Amino acid sequence: MILKNKIYLYLTEFFAGMSVMAVELGASRLLAPYFSSSQIVWTIIIGTIMIAMALGNIYGGRKADKDPNPDKLYGRIIIAAVWIALIPVLGKYIIVGISALLVFTVSTNFLVIAAFAACMIVFVFPLFLLGTVTPSLVKYTVDSLDDSGKIVGMLNASNTIGSIIGTFVPTFVSIPLVGTSVTFLIFAGILLLLAIIYFISEKKKVLKVPVSVLLFMLCCIFGHNTGFAFWENGLRYEGESIYNYLQVKEDDDDIVLSTNVLFGVQSIYKKDGSLTGMYYDYAMAAPFMTGAGDEKENLKILVLGMGTGTYATQCEKYLGDNFDLDIEGVEIDGAITDLSRKYFSLSDSVKVTTYDGRAFLETAKDKYDVIMVDAYQDITIPFQMSSVEFFTMVKEHLNEDGVMVVNMNMRSDGEGGINEYLADTIASVFPEVYTADVKGYTNRELFASENPEMISLFRENLSHMEDTFSGSEDMELSGDKDYNQGGSDLLFQLKNVNERLVPYEAGKLVLTDDKAPVELLGMRAIDSLIKDEVEYYKEIYKEKGIKGLIEEL
């Protein structure tokens, strides 16, 4: 009897612990494209999994006492394995279905409720079953009270070691190499093999074994190569890195990077080299606030949150003929940098360091004319790059008349929202703070400096550009400074910024390294945006029902 071999029992415990952690990490990657990878989502994942494991421990202990039949335990492992194998086949459809249902019925805390519901439906049951492993194995391995402590300790050690390996392997090996879907299939296959070995060794013919093998094979066929954005066709690239789900799509005019399926664009490249019409264009005002228009020959720019380099590419195009540009970027995800070179035409002259933005500033010695902070993505706002300590560090890396420009998402977050906290925090560090809302988008650009002449310099440079264009019907620049061929587009956007610039009146909502509840603030902002977006569709649903809603969509 194979259960007399305690090594096999320890292996069962080892692989059960490994699979639990692998599923937990896989859950974070499966949910991230739809709900972000914020601390809130991680809290929901960990909380629901702990609930599942606790209930599994209780149930497994009771079943082991009432019916100490190992067939039942390994049967549960088979069911868990098949369920986990089905996650890459059905999981994303369930998540989207839950989101679609809740978005019309939940008005507050949408992300929390939707993510919790998704975790409960997709992940709790198989992990509940795996939670029954430890108490059941204790029943089979403890022969007497003389060595019970030692055996229980060995079982727990086996589970813990498996959990450790199950933490590192998905993060650093399987997910970057083969993706989240195949990672689920790998660990489902391990559990299935473990159970099959038991039933074969016991020479028991159990119908669930061939059925489970057939189901697993079908999952391997239909689940190993499906994308998260299953509604998208013709993607140029879809893949995963250590940090992100990555998607590149292309149309006749644009190439777009998205790292979050449901919440829009992270980087964009215009094939004709024109401006994007988005917040990147507004950020182009920052160099002109430093006095770059008339005096600076050298212009040193740092981008924290480089993405695929939209801002750097625009600066090179529109400022490169007039200034000696030195543009440097910091991007934590090296895979995004690789995509920027391959699909988004980021110049090799732009140096990109793969690092956390704040950690980079900790070691950097250079000073810059412009530092752009573009590291905030929907609800995922790194708290270490939102605090007064961080912005103080940015100020220390700016030249005397240097300007920091910050892209803030979700501007319709109301009083006491995330943008007010960020702006108050920045205003506690910089004496000059102005904001400009991006027309047609929820972004808000914030400009900050220690130079009291920041805005007057900008308007002087803007006036100079207008004078240069005056008298030219086709808006082509004449004179010494051409600002490259798209100068008229740049002037148009700078005038947009000028019209929208508002001095910021500082409050007292300051974020610190010790206290920066950016996830909760971001969640509240997302709720507000979702509520505004779906109000129109709610009215259609009330008037015409589900049929009318489908027709409208």
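Since this is a predicted model, take the numbers as computed values, not measurements.
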Atom OH of Y504: over 12 foreign heavy atoms under 6.0 Å = yes
Keeping the roles fixed (side chain from D424, backbone from V510), state whether a donor-acceptor pair exists under 3.5 Å.
-> no
Quick check: are there more than 12 heavy atoms from other residues, nucleotides or ligands sitting under 6.0 Å from CG of D514?
-> no
For M454 and A448 the tightest heavy-atom approach is SD-C, 4.1 Å
List for me each residue that meets side-chain contact (heavy atoms from CB on, under 4.5 Å) alongside R341, sequence neighbours excluded, and say none if there are none.
-> T337, L346, D348, V352
Is any side-chain heavy atom of D253 closer than 4.5 Å to a side-chain heavy atom of D272?
-> no
Whether over 12 other heavy atoms sit under 6.0 Å from E362 CD = yes
Between L422 and S386, is a side chain to side chain contact (heavy atoms under 4.5 Å, CB included) present by the stated rule, with each step listed?
-> CA-CA 7 Å; L422 286 170; S386 64; 3.6 Å; yes
Going by the side chain to side chain contact (heavy atoms under 4.5 Å, CB included) test, name the single residue among V303, V394, V403 that passes it with I371.
-> V394
Is the Y343 ring parallel, tilted or perpendicular to the Y237 ring (thresholds 30°, 60°)?
-> tilted
K92 side-chain N/O to P88 backbone N/O, donor-acceptor pair under 3.5 Å = yes
Closest approach of S449 and G402, non-hydrogen atoms and distance?
-> OG-O, 2.8 Å
Taken to the nearest 0.5 Å, the spacing of L304 CG from N407 CG works out to 12.5 Å
Can we say K271 and D254 salt-bridge, meaning some charged N sits less than 4.0 Å from an Asp/Glu carboxylate O?
-> no
What's the verdict on side chain to side chain contact (heavy atoms under 4.5 Å, CB included) for L511 and F390, showing C-alpha distance, side-chain angles and the deciding distance?
-> CA-CA 10 Å; L511 301 169; F390 167 71; over 6 Å; no
Side chains of F430 and L398: closer than 4.5 Å at any heavy-atom pair?
-> yes
About how many Å separate CD of E240 and OG1 of T180, when rounded to the nearest 0.5 Å?
-> 3.0 Å
Using atom types as modelled and distance alone, determine if a side-chain donor or acceptor of Y311 lies under 3.5 Å from a backbone N or O of Y279.
-> no
Within a strict 4.5 Å, meaning less than it, do heavy atoms of the E24 and I46 side chains meet?
-> yes
Check T183 against G179 and note the closest heavy-atom contact, atom names and distance.
-> OG1-O, 2.8 Å
Hey, is the main chain of Y355 close enough, under 3.5 Å, to the side chain of T353 for a donor-acceptor pair?
-> no
Mind checking what makes side-chain contact (heavy atoms from CB on, under 4.5 Å) contact with E499, not counting sequence neighbours?
-> N496
What distance do E420 atom CD and T425 atom OG1 have between them, rounded to the nearest 0.5 Å?
-> 10.0 Å
Sidechain-backbone polar pair: T167 side chain, S163 backbone, donor-acceptor under 3.5 Å = yes
Closest non-hydrogen atom pair, T290 against D401 = O-OD2, 2.5 Å
Minimum side-chain heavy-atom gap P126-V23 below 4.5 Å = no
4.5 Å side-chain heavy-atom contact, V429 and I426 | no
Where do V433 and A427 come nearest, in terms of heavy atoms and distance?
-> CG2-CA, 3.8 Å
Validation row: L302, H397 side chains within 4.5 angstrom (heavy atoms) = no
Starting from the C-alpha separation in whole Å, work towards a yes-or-no answer on side chain to side chain contact (heavy atoms under 4.5 Å, CB included) for F288 and L462.
-> CA-CA 8 Å; F288 295 92; L462 180 59; over 6 Å; no
Donor-acceptor pair, side chain of T310 and main chain of I268, under 3.5 angstrom = yes
Do the side chains of Y243 and I332 get nearer than 4.5 Å, heavy atoms only?
-> yes
Atom pair CG (D366) and CG (D326), whose distance is rounded to the nearest 0.5 Å = 8.0 Å
Separation between CE of M385 and CZ of F391, rounded to the nearest 0.5 Å = 8.0 Å
Side-chain heavy-atom pair T313, F344 within 4.5 angstrom cut-off | no
Report yes or no: does N461 contribute a side-chain atom to a donor-acceptor pair with the main-chain N or O of L457 at less than 3.5 Å?
-> yes
Between Q493 and L275, is there a donor-acceptor pair closer than 3.5 Å when you use the side chain of the first and the backbone of the second?
-> no
Does the side chain of E445 come under 3.5 Å of the side chain of Y434 through a donor N or O and an acceptor N or O?
-> no
dist F360:CZ -> E331:CD (nearest 0.5 Å) comes out at 13.0 Å
Check ion pair R358-D513 (N to O, under 4.0 angstrom) | yes
Trace of the side chain to side chain contact (heavy atoms under 4.5 Å, CB included) decision for D281 with F492 = CA-CA 10 Å; D281 305 355; F492 175 79; over 6 Å; no
Note: D437-R500 ion pair, threshold 4.0 Å (strictly below) | no
Counting only N and O atoms by type, is there a donor-acceptor contact under 3.5 Å from the side chain of S463 to the main-chain atoms of E460?
-> no
Mind listing the closest non-hydrogen atom pair of S28 and I45 along with its distance?
-> CA-CD1, 3.4 Å
